[in-house]
Number of protein chains: 2
Amino acid sequence: MSLLNLKPINKDRTLRANVVEQLREAIISGELAPGTKLVESQLSALLGVSRGPLREAIRQLVDQGLIESIPYTGTYVANITVKAIQELYSFRTELEQFAFKLVWENRGEDFRKELNSQLEKLTAAIKSNNKEAAIFEELELHNVVYKHCGHELLQDSWHRLRGRLHLYFTLHQQAHNRTGPYIDAHDKYVTLALGDDLDAMLNHVTEHMQQGYNKVENLVSDIRSHLP
Amino acid sequence: MSLLNLKPINKDRTLRANVVEQLREAIISGELAPGTKLVESQLSALLGVSRGPLREAIRQLVDQGLIESIPYTGTYVANITVKAIQELYSFRTELEQFAFKLVWENRGEDFRKELNSQLEKLTAAIKSNNKEAAIFEELELHNVVYKHCGHELLQDSWHRLRGRLHLYFTLHQQAHNRTGPYIDAHDKYVTLALGDDLDAMLNHVTEHMQQGYNKVENLVSDIRSHLP
DNA sequence: AACGGTATGATTGTTGACAATCATACCGCT
DNA sequence: AGCGGTATGATTGTCAACAATCATACCGTT
């Protein structure tokens, strides 16, 4: 049995899990704009689900920072603020540096393969001008690093950020309708990630994040001007 | 109105919030041992609450890592593993170093006061041999740092770890029935935190965490031998 | 005895109805 | 007009009953 490469089956086929997935998708794709009020009765009808599982799903998304809830008043798609963006990027910098420190001595052939393969997918998506895919593949590229750390807590933490990050990317893309100069940046990222200089990589992470931050920095005002 | 020092009122007086609080308290105090199966009908009867809010509370505690849930099968108080402890401590090291980097240039008089006052409380609790209080005050001491960062994401992340950390401390204390040499360690911690050498502080955090880790390292086997 | 299949009981998942709470609009007063 | 108070409608919070799923024990077969 050398082909014992089976993924753990997802037994979580509860309604709640499906609702989480659907809502998450709707939010990070921009379909549900930030600040939108989520009325339980409407949503439950829309999803063909009772309010019970819906509420449980909402609780989960609140913990992921995608939804804000005020008791007896309402639940809203998380609003975007400058501070939230700053925090996300500074925090993410620390997380990713930690990830590289962890993975550095354990980078094997599979790590290298996955990273390169993911870079190709990202490049292809950008070249074909498929913006949604480009966003997804960029996040997947970074995800490779976290996945190979073998650090569940770190991975969970990253997954928590990922949703909001995805949302910011989407909103930025919708506001400017251009993908930006991603390719070169990620070429260097991967090269360094497969190289021998950890410090150089860590510095590049800081720099890489700073670039990303600069891109979405004006998101708040951009959005206000685009969707008045 | 110079005495405008009012805390934001907690409008979250829903049953769900109360249940979260109660369950969290019961778990981190060791009242509900790790691995305990939580049967919804029993719990809801015990708490005098219906299963609806209880289930929502469980969802929240699952996200905090204090409860594990397997669909259609059962929910259990999170089990303790060596890997989980390692991850918690390594992750916490990064978090706290990040916190000090953030707070360093913004340490004001209030920061210093709170830190000292909290150290006194911790010392008092240890000297009076009040073990539960000592654990709480130690966590509160570290909490001061996170609180003054003004970084919500970091604070949320810390709060997520705090519950599990509290649990580990409690179990360690119950297994060995001694508080350990906390005082000196935290004296130095506070001294450095109020000093001028950030690098020294960061190094001490690593060291401090390592000490903490060493203490709870054998928790898994300890527990197995104490509660067979 | 070991294995495969099946019935049973318990537990979780889900639902629709009911109660508590809040935001809005309206009215009267100053 | 501006302010305070009150009724109303909508929405969230909560509950108790029903359905789906799973773990266990039992039984027959090989």
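Just so we're on the same page: letters track the sequence lines, and every chain starts at 1. This structure is a prediction, so every number in the text was calculated from the model and none was measured.
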B:Q22 versus B:N18, side-chain donor and acceptor atoms under 3.5 Å: no
Spacing between A:R16 atom CZ and C:dT14 atom P, to the nearest angstrom: 7 Å
Protein-nucleotide distance (B:E56, atom CD; C:dT15, atom P), rounded to Å: 14 Å
Sugar-phosphate only, base, or nothing, as touched by A:L38 at under 4.0 Å among non-hydrogen atoms: sugar-phosphate
Short side-chain N/O contact from B:T73 to OP1 or OP2 of C:dT11, under 4.0 Å: no
Between P of D:dT12 and CG of B:L15, the distance in whole Å: 17 Å
Nucleotide D:dC22, atom P - distance to OH of B:Y76 in whole Å: 13 Å
B:R59 CZ - C:dT12 P separation (whole Å): 11 Å
Centroid-centroid distance, B:H151 to B:Y146, less than 6.0 Å: no
B:R51 side chain near C:dT12 phosphate (N/O to OP1/OP2, under 4.0 Å): no
Proximity to the side chain of A:Y72 - top-ranked nucleotide from C:dC22, C:dT15, C:dT11: C:dC22
Rounded distance (Å) that lies between atom P of C:dT12 and atom CD1 of B:I67: 12 Å
Expected output: side-chain B:E87 to main-chain A:E152 donor-acceptor under 3.5 Å: yes
Among C:dG13, D:dG13, D:dA16, the one nearest A:T14 by side-chain distance: C:dG13
Length of the line joining A:I70:CD1 and D:dG13:P, which is rounded to integer Å: 11 Å
Proximity to the side chain of A:P53 - top-ranked nucleotide from C:dG13, D:dT11, C:dT15: C:dT15
Point-to-point distance, once rounded to the nearest 0.5 Å, from CD of B:E96 to SG of B:C149: 9.5 Å
Side-chain touch B:N106/B:H148, heavy atoms, less than 4.5 angstrom: no
Atom-to-atom span, CG of B:L54 to P of C:dT12 - whole angstrom: 9 Å
Side chain of A:R55 - closest among C:dG13, D:dC15, D:dG13: D:dG13
